[in-house]
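Report on the following structure.
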Amino acid sequence: MLNKYARGFFTGVFTPMAAWLLKRGVSPDAVTILGTLGVMVGGLVFYPLGQLFWGTLFITAFIFSDVLDGIMARLQERTGKWGGFLDSTLDRFADGALFAGVSIWFFTGGDNDAIGIAAIICLVLGMSVSYIRAKAESLGFTANVGIAERAERLVSLLVATGLVGLGLPEVLLLVVLIALCVASCITVGQRIAAVRRQAL
């Protein structure tokens, strides 16, 4: 849902930067890889150390590479499948690092097993949501539906984690993660149902 309504806005914001990078010989693939590495450092270094606010700021600085690389590819009129494959593959690493990092902290120094468990469940369900779409498309179907796509999951996690890092009660993050678990389960069902209808 966020992808649908935010794409035009962020395209306008990041197009000048995309053009500037291309003029200096930076490739979309390089931006994809650098952005993923930055997100993974934030998720697997800052978060496990309990730096929830600063980790979120660090991650946010890199997360928009996922928008930037796509704009760069369109400006270059690249139509090959390699970029899409690389982007989708590295997205799984980034997503896993974020939820795993939150889980690690709250299982250890954060001392809140409920949040740790909820983060792990979100990680598994998020991977399932992405896999269903990928598998459907490999079989010739479409499954780009659901109330909890990647953008919604990441924005919810980052905002709630950052706010808890600023001192808000941890129950806020727990509620957000539980809501994401429910929304992801619904999305799994929506995508399976969508493929089922196409297959009949």
Looking at every non-hydrogen atom in both residues, tell me the closest pair between [X] and [Y] and how far apart they are.
{"X": "Cys185", "Y": "Leu125", "value": "SG-CD1, 3.7 Å"}
{"X": "Pro48", "Y": "Gly43", "value": "CD-O, 3.1 Å"}
{"X": "Ala18", "Y": "Leu75", "value": "CB-CD1, 3.9 Å"}
{"X": "Arg133", "Y": "Asn144", "value": "NH1-OD1, 3.3 Å"}

Original post:
Which pairs with one or both residues in residues 49-62 pass side-chain hydrogen bond (donor to acceptor under 3.5 Å, both in side chains), sequence neighbours excluded?
Top reply: Tyr47-Thr56
Original post:
Please, which pairs that meet side-chain hydrogen bond (donor to acceptor under 3.5 Å, both in side chains) have at least one residue in residues 177-200, sequence neighbours excluded?
Top reply: Thr142-Gln198, Glu149-Arg191
Original post:
Which residues satisfy the salt bridge (charged side-chain N to carboxylate O under 4.0 Å, His left out) test with Glu170, sequence neighbours excluded?
Top reply: none
Is it true that a side-chain atom of [X] and a backbone atom of [Y] form a donor plus acceptor pair closer than 3.5 Å?
{"X": "Ser103", "Y": "Phe99", "value": "no"}
{"X": "Ser27", "Y": "Ala30", "value": "yes"}
{"X": "Ser138", "Y": "Lys135", "value": "yes"}

Do [X] and [Y] sit in one hydrophobic cluster, given that two such residues count as connected whenever their side-chain heavy atoms are within less than 4.5 Å of each other, even indirectly?
{"X": "Val26", "Y": "Leu22", "answer": "yes"}
{"X": "Leu21", "Y": "Ile63", "answer": "yes"}
{"X": "Leu98", "Y": "Val41", "answer": "yes"}
{"X": "Val45", "Y": "Ile59", "answer": "yes"}
{"X": "Leu52", "Y": "Leu177", "answer": "yes"}

Side chain to side chain donor-acceptor pair (under 3.5 Å) partners of [X], counting only residues at least two apart:
{"X": "Asp87", "value": "none"}
{"X": "Ser88", "value": "none"}
{"X": "Ser130", "value": "Arg92"}
{"X": "Gln76", "value": "none"}

Measure the shortest side-chain to side-chain distance between [X] and [Y] over non-hydrogen atoms and say whether it is less than 4.5 angstrom.
{"X": "Asp95", "Y": "Leu123", "value": "no"}
{"X": "Leu157", "Y": "Val102", "value": "yes"}
{"X": "Ile186", "Y": "Val182", "value": "yes"}
{"X": "Ser65", "Y": "Leu34", "value": "no"}

**OP:** Please lay out, stage by stage, how Asp91 and Arg150 fare under the test side-chain contact (heavy atoms from CB on, under 4.5 Å).
**Re:** CA-CA 9 Å; Asp91 282 351; Arg150 183 174 188 259; 3.5 Å; yes
Original post:
Out of curiosity, Ile117 CD1 to Asn112 CG, how far, rounded to the nearest 0.5 Å?
Top reply: 9.5 Å
**OP:** Find the distance between SG (Cys181) and CD1 (Ile120) and round it off to the nearest 0.5 Å.
**Re:** 10.5 Å
Subject >> Qualifying ring pair (Phe, Tyr, Trp, His ring centres under 6.0 Å) pairs, either residue in residues 101-121, two or more places apart >> reply: none
Original post:
Under the side chain to side chain contact (heavy atoms under 4.5 Å, CB included) test, which residues partner Val176, sequence neighbours left out?
Top reply: Ser156, Ala160, Leu172, Leu180
**OP:** Supply the members, apart from Phe141, of the Ile/Leu/Val/Met/Phe/Trp/Tyr cluster built from side-chain contacts under 4.5 Å; use none for a lone residue.
**Re:** Leu139, Val195
Original post:
In the hydrophobic cluster built from side-chain contacts under 4.5 Å, what are the other members alongside Leu44?
Top reply: Ile33, Leu37, Met40, Trp82, Phe85, Leu86, Leu90, Phe93
**OP:** Would you please name every residue forming a ring-ring contact (aromatic ring centres under 6.0 Å, His included) with Phe58, sequence neighbours left out?
**Re:** Phe46, Phe62
Subject >> Member of Val164, Ile178, Val159 meeting the side chain to side chain contact (heavy atoms under 4.5 Å, CB included) criterion with Leu173 >> reply: Val164
